[in-house]
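Below: one structure, written as C-alpha cells.
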Amino acid sequence: MEIERKWMVNGWPESDLPLLKEEGMRQGYVSVRPTVRIREEAVIGGSTDYVLCFKSGSGIVREELELSLPKDDFAKIEQFIHLPLIPKLRRTYALPDGLKLEVNHVDEGLPTEFWYAEVEYPDEETARSWNPASVGLSEYLSDDVSEQPGQTMGEYWITTRMNGVNENGI
C-alpha cells in the first residue's frame, strides 16, 4: 500500500531541512494502466538498485508492489520498452515531524522538465490531515495535485515518450 500526497514545486526547498539522500533515477513503463514500471535508483556515493513496480488505483491511496530486479533483467526490460527512460534527480529530506519530503527534478534540460514533491504517510487519515504549514513549507507545498487526474509519472510517460512530444523526438 502506498499512501502519499504530491505537489508541483519550483526547485529544491529553500530551507534548512536535513538532506538524507540524493539519487539519480531512470524509470520507464511497460504499462500505465495498470502501472508496471521499472526504475534504476542510484544513490549518489552509494549503491544502485533496480526495481520492478506494480501499482493500481488512483489518488492518495494506491496498491503498490515493488520487487528487486537483477541488473541484467532490468536491462532486458529496458530493451523491451524500446523508449528512452525518464531521468530524475531525487533529494529526500527529513521533516521535523518525522516524515520525509522527496523532491524530484524530472527531464532536466528538456522543454518538458518539471519539479514535484511527495510525502508518504503511515495511513490515510494522517495524509488527509497533514498540513505543510506544520513543518514551515506552506508556500513551497502550495500546489497540491494529489487527487487531480493526469498528474502521475505514468501520464507524463504517455505524453513525452509514447506521443513523441519532446525536442529529442522521444
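We use all heavy atoms of the structure for the numbers below, so side chains are in, but hydrogens, waters and symmetry mates are not. Position 1 is the first residue of the sequence, and the numbers go up from there.
Residue pairs meeting the ring pair (Phe, Tyr, Trp, His ring centres under 6.0 Å) criterion with at least one partner in residues 13-39, sequence neighbours excluded, are Tyr29-Trp157. Sorted by first and then second residue, the ring pair (Phe, Tyr, Trp, His ring centres under 6.0 Å) pairs involving residues 76-108 (not counting sequence neighbours) are His105-Trp115.
A 4.5 Å side-chain heavy-atom check between Arg161 and Ile81 finds every atom pair outside the cut-off. For the pair Leu101 and Leu137, the minimum side-chain heavy-atom distance is below 4.5 Å. Contact annotation: the side chain of Ile38 never approaches that of Tyr50 to less than 4.5 Å [non-hydrogen atoms, C-beta and beyond]. Residues Glu23 and Val43 have side chains in contact (heavy-atom distance under 4.5 Å, counting atoms from C-beta outward). Using a 4.5 Å cut-off on side-chain heavy atoms (C-beta onward), Val36 and Cys53 make no contact. Taking 4.5 Å as the limit, some side-chain heavy atom of Arg33 sits within range of a side-chain heavy atom of Ile158.
Under the salt bridge (charged side-chain N to carboxylate O under 4.0 Å, His left out) criterion, Arg26 pairs with Glu40, Glu78, not counting sequence neighbours. By the side-chain contact (heavy atoms from CB on, under 4.5 Å) test, Pro149 is found to be paired with no residue, residues two or more places apart in sequence or in another chain being considered. Partners of Glu41 according to the side chain to side chain donor-acceptor pair (under 3.5 Å) rule, which considers only residues two or more places apart in sequence or in another chain, are Arg39. With sequence neighbours excluded, no residue satisfies ring pair (Phe, Tyr, Trp, His ring centres under 6.0 Å) with Phe54. In this view, Tyr116 and Phe114 satisfy the ring pair (Phe, Tyr, Trp, His ring centres under 6.0 Å) rule, not counting sequence neighbours.
Under the 4.5 Å side-chain heavy-atom criterion for ILVMFWY residues, a single connected hydrophobic cluster contains both Met162 and Val106. There is a path of hydrophobic side-chain contacts, each under 4.5 Å, that joins Met153 to Val30. Under the 4.5 Å side-chain heavy-atom criterion for grouping Ile, Leu, Val, Met, Phe, Trp and Tyr, Val135 is connected to Val103 within one hydrophobic cluster. Residues Met1 and Val119 share a hydrophobic cluster, clusters being chains of Ile/Leu/Val/Met/Phe/Trp/Tyr side chains in contact below 4.5 Å.
A distance of 12.0 Å separates CZ of Arg91 from CG of Leu17, quoted to the nearest 0.5 Å. Distance check: Thr92 OG1 to Glu102 CD gives 4.5 Å after rounding to the nearest 0.5 Å. If you take CD on Gln27 and CD1 on Ile86, they are separated by 5.5 Å, rounding to the nearest 0.5 Å. The line from CZ of Arg128 to CD of Glu147 is 4.5 Å long, rounded to the nearest 0.5 Å.
If you chain together ILVMFWY residues whose side-chain heavy atoms come under 4.5 Å of each other, Leu20 ends up in a group of its own. Residues near Ile44 contribute nothing to a hydrophobic cluster around it, because no ILVMFWY side-chain heavy atom sits closer than 4.5 Å to its side chain. Grouping Ile, Leu, Val, Met, Phe, Trp and Tyr residues whose side-chain heavy atoms lie under 4.5 Å apart, directly or via other members, leaves Met25 alone, with no other cluster members.
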Could you give the side-chain donor-acceptor pairs of residues 3-12 under 3.5 Å, partners two or more places apart or in another chain?
unit_1, atom_1, unit_2, atom_2, d
Arg5, NE, Asp144, OD2, 3.1
Arg5, NH1, Ala127, O, 2.9
Arg5, NH1, Trp130, O, 2.7
Arg5, NH2, Asp144, OD2, 2.8
Lys6, NZ, Gln151, O, 2.3
Trp7, NE1, Leu141, O, 3.3

Pairs of donor and acceptor atoms involving the side chains of residues 62-75, under 3.5 Å and at least two apart or interchain, shall be tabulated with distances.
unit_1, atom_1, unit_2, atom_2, d
Arg62, NE, Glu2, OE1, 3.4
Arg62, NH2, Glu2, OE1, 3.3

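Here the shortest heavy-atom pairing between Leu95 and Lys100 reads CD1-C, 4.1 Å. Counting all heavy atoms, side chain and backbone alike, Pro34 lies closest to Ser31 at O-OG, 2.7 Å. In terms of heavy-atom proximity, Pro122 sits nearest to Leu99 at CD-CD2, 4.2 Å.
Atom CG of Asp97 is surrounded by more than 12 heavy atoms from other residues, nucleotides or ligands within 6.0 Å.
At a cut-off of 3.5 Å, with distance as the only test, no side-chain donor of Ser134 or Asn131 sits close to an acceptor on the other residue.
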Let's go through Tyr121 and Ile60 carefully: what are the C-alpha distance in whole Å and the side-chain angles of both, what is the deciding distance for side-chain contact (heavy atoms from CB on, under 4.5 Å) to 0.1 Å, and is it a yes or a no? CA-CA 10 Å; Tyr121 303 91; Ile60 291 176; 5.6 Å; no
